[in-house]
Amino acid sequence: MQTSLEQKTLFWPSRTQIVRLACSAAGILLLLSVAADLRPVFAQQSQQSKPDEPYTSPLEITKPDPLLPQWPLKKPLTPLEVQALTTALDELNQQATAQLQAGNLAEAFKIWYRELRLRRFLGPLAEVEALTRVAKIALSQNQTTQVQLITQRLQVIYLEAQAQPPITPQLLQALGDVFVLVQAKQSAVDVYQQILANAQARQDVPAQEIALKTIAELYFGGLNFSEAAVAYEQLLAISEAKVNRSEQTRLEEDTYLQQLAFIYAHSQQHQKALDVRTKILNRYRIAKDPTQVAALKIAMGEDYEVLGRLGKAAQFYQEAYTLAWQLQQYARAGEALQNLAALYLSQNELEAALQVYQILVVVDQRGYNFFGMMDTYDRIGKIYLARQAFTQALAAFQKGLEIAQQLKYQEDYFSRQIELVNQKRSP
C-alpha cells in the first residue's frame, strides 16, 4: 500500500519540478494560477474523503493493469507495443461509448478512466487528446465532477511539461484548446500567452491574431477588462496594418472597436471611449450606414457629459434625436431627448428642458409609448409647479391622469398631484 506522501505526488509535480518552476518569476505565477484553477477540485475532494484517507483521483491510480502489467515501466515501449496498446485503448473507448449509449454513465466513465490512465504511456499529446475527447462527453452529459477531475490531470501535464521545456507547439496548442473547453481560464491564458510569444518570435502574424483573439475573449469573459483592452488594441493595430483588407477584416475591426468602446465606458475611461467611438462613427459614415449612428451619438453625448463638455453633449443628443426621428427610430429619439432634457435640468435651464419635453410628448405619441408620455407629462407638471405656473402644471397632470386611467396605473399618484396644485393655487 502506498503512503500518504506517495499518493499525493501522483497528482502534483515532484519536488524537483516545483523547484525548477519556482526558480523563475514565471514559474511562481504558473504555480499560483494552477492552484487557483484547482482550488474548487481540491475542496470537493477533501469533502469526499475521510480525514485519515487521502483522496486519489481515478486518473492517478497506479496499480498494474492487464494491458500494462509493469507499472511504472522499466523501459520505453517498443513501436509494436505502442501499436498494440493504442489498439487496446481504442477498444476501451468503444466499450465506454457503448455503455454510455446504453445509459450506463458510471460504467462508461469507469472504462474511460482506465483508458485515460494508460494513454499517458503513449505520450503527453496522445493523453491530452484523449482527455479532450472525454471532457467533451462529460460536458455534454453535465458531469461537473468528471470535468474537474480531467482538468486536474491536465494541470499536472501542463506543470510537468513546463518543468521540462521546450513544450512542442502541438502539445501547447492542444493544452490551450482543452483549457478553454473546460473553462480553466487562467491556465488557458497562460498557455495562449506562450503560443502568442512563439508566434511573435517567428513573426507569424496570422498565428498572433488567433492567439490574441482567444486571450481577449478569455479576459473579457473573465471580466478582466484592462487586460482584454490591451489584447483588443493589439488586434486592432494588426488589422489596421494589413495591406489587403477583406470584408472579414473590416467586420473583425468592428468587433474590436465595439468591445473597446464597452470596456472603456465600463471602466470610466470616457476619453478613450470617445476616441474609439469616433472611429466607429467614421466607419459608419464611410459605409453610409446610418442605422446605428443615433445610438452611437447618444453614447458619445454621455461621454462628453461625464467629461464636463456639456455643449458637445447637448450637440450630440440633438443630432441623435434628429437622425432617429428621420429614421423613425422613435424609442431612440425619445432616449436622446430624455438625456438632453436631463442635461438642461442639471444646469437649471428649465425653459429649455420644457421645450424638449414638449417635443418628447410628440415622439412618444408617434412611437405609441404611453408610459413614456405619462412620465413626460409628470416631469412637465413638476417643472411648472416649481415655477408656480399652476395653470400649466394642472393641465400637464390632468393629461398624465388621463393616460394613467387608460393604463390603470398610477391613477392615485396623478390625482394627488392635481390636488396638490389646487391647494397651492387657492388663495
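We use all heavy atoms of the structure for the numbers below, so side chains are in, but hydrogens, waters and symmetry mates are not. The structure presented is a predicted model; accordingly, all values stated were derived computationally and were not measured.
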Please identify each residue that fulfils side-chain hydrogen bond (donor to acceptor under 3.5 Å, both in side chains) with Q95, with sequence neighbours left out. none
Identify the heavy atoms of A135 and V147 that sit nearest to each other, and give their distance. O-CG2, 4.5 Å
Shortest non-hydrogen pair, A138 vs Q146, comes out as CB-CB, 4.0 Å
Report yes or no: do S246 and Q248 form a side-chain donor-acceptor pair below 3.5 Å? no
Can a side-chain donor-acceptor contact be found between Q186 and D190 if the only test is distance below 3.5 angstrom? yes
Would you check if L149 and P58 make a side-chain contact, meaning some heavy-atom pair closer than 4.5 Å? yes
Could you tell me which residues satisfy ring-ring contact (aromatic ring centres under 6.0 Å, His included) with F390, sequence neighbours excluded, listed by chain and number? none
Would you say the side-chain atoms of Q193 pair up with the backbone N or O of A211, donor to acceptor, closer than 3.5 Å? no
Do L122 and L89 come within less than 4.5 Å of each other through their side chains, counting heavy atoms only? yes
The residue among L323, T322, L281 that forms side chain to side chain contact (heavy atoms under 4.5 Å, CB included) with K297 is L281
Within residues 346-357 or reaching into it, pairs that qualify as salt bridge (charged side-chain N to carboxylate O under 4.0 Å, His left out) - sequence neighbours excluded: E351-R387
Aromatic rings Y256 and Y232: how do their planes relate, parallel, tilted or perpendicular, breaks at 30° and 60°? tilted
To the nearest 0.5 angstrom, please state how far the CD1 atom of I383 sits from the CG atom of L345. 4.5 Å
Given side chain to side chain contact (heavy atoms under 4.5 Å, CB included), test N282 with R285 step by step and report yes or no. CA-CA 5 Å; N282 290 333; R285 286 171 176 165; 3.6 Å; yes
Shortest non-hydrogen separation from Q170 to L125 and the atoms involved: O-CD1, 3.9 Å
Determine the sole option in D303, V293, N339 for which the side chain to side chain contact (heavy atoms under 4.5 Å, CB included) test with I298 is passed. N339
Under the side-chain hydrogen bond (donor to acceptor under 3.5 Å, both in side chains) rule, collect the residues that match up with K213, sequence neighbours excluded. E252
Sequence neighbours excluded, every pair satisfying salt bridge (charged side-chain N to carboxylate O under 4.0 Å, His left out) that has a member inside residues 133-148: E115-R133
Does the side chain of Q94 come under 3.5 Å of the side chain of D90 through a donor N or O and an acceptor N or O? no
Under the ring-ring contact (aromatic ring centres under 6.0 Å, His included) rule, collect the residues that match up with F262, sequence neighbours excluded. F220, F225, H266
So, using side-chain hydrogen bond (donor to acceptor under 3.5 Å, both in side chains) as the criterion, who are the partners of S415 when residues are at least two apart? none
Do Q152 and Q148 pair up side chain to side chain, a donor and an acceptor below 3.5 Å, judged on atom types alone? no
When you compare the side chain of L131 with that of V178, does any pair of heavy atoms fall below 4.5 Å? no
May I ask you to decide whether R117 forms a salt bridge with E60, counting only side-chain N to carboxylate O separations under 4.0 Å? no
Run the salt bridge (Lys or Arg N to Asp or Glu O under 4.0 Å) test on R416 and D412 for me, step by step, so that the C-alpha distance in whole Å, both residues' side-chain angles and the decisive distance to 0.1 Å come before the verdict. CA-CA 6 Å; R416 288 196 300 271; D412 291 342; 5.1 Å; no
Grab the two heavy atoms, one from A341 and one from A353, that are nearest each other, plus how far apart they are. O-CB, 4.0 Å
Tell me whether N104 contacts the main-chain N or O of E107 through its side chain, where contact means a donor paired with an acceptor under 3.5 Å. no
If you look at every heavy atom in Y264 and A273, which pair is closest and at what distance? CB-N, 3.6 Å
Sequence neighbours excluded - salt bridge (charged side-chain N to carboxylate O under 4.0 Å, His left out) pairs with any residue from residues 334-345: R332-E335
Does some side-chain heavy atom of L172 sit less than 4.5 Å from a side-chain heavy atom of N198? yes
Looking at side-chain heavy atoms only, is the closest gap between L340 and L360 below 4.5 Å? no
Quick one about Y192 and Q173 (side-chain donor to acceptor, distance below 3.5 Å, no hydrogens or angles considered), yes or no? yes
Which residue pairs pass the ring-ring contact (aromatic ring centres under 6.0 Å, His included) test when at least one of the two sits in residues 101-125, sequence neighbours left out? W71-F121, F109-W112
Taking every heavy atom of L116 against every heavy atom of L59, the minimum-distance pair comes out as CB-CD2, 3.5 Å
Show me the pairs that pass ring-ring contact (aromatic ring centres under 6.0 Å, His included) and involve residues 271-295, at least two apart or across chains. none
Quick one: do K279 and D275 make a salt bridge, cutoff under 4.0 Å? no
What residues form a ring-ring contact (aromatic ring centres under 6.0 Å, His included) with F316, not counting sequence neighbours? Y304
Which residue pairs pass the ring-ring contact (aromatic ring centres under 6.0 Å, His included) test with at least one member in residues 351-372, sequence neighbours excluded? F371-Y409
Could you check whether E253 pairs with R250 (Lys NZ or Arg NE/NH1/NH2 to Asp/Glu carboxylate O, under 4.0 Å)? no
How about L337 and Y317: do any of their side-chain heavy atoms sit closer than 4.5 Å? no
Does the side chain of Y321 come within less than 4.5 Å of I359's, by heavy atoms? yes
Does E302 come within less than 4.0 Å of R277, counting only side-chain N to carboxylate O? no
Using distance alone, with no hydrogens and no angle criterion, decide if S187 and Q155 have a side-chain donor and acceptor under 3.5 Å apart. yes
Counting C-beta onward and ignoring hydrogens, is there a side-chain heavy-atom pair between L196 and Q200 closer than 4.5 Å? yes
Give the intermediate values and the outcome of side chain to side chain contact (heavy atoms under 4.5 Å, CB included) for residues I263 and V276. CA-CA 10 Å; I263 290 170; V276 172; over 6 Å; no
Could you check whether atom NZ of K242 has more than 12 heavy atoms from other residues, nucleotides or ligands sitting under 6.0 Å from it? yes
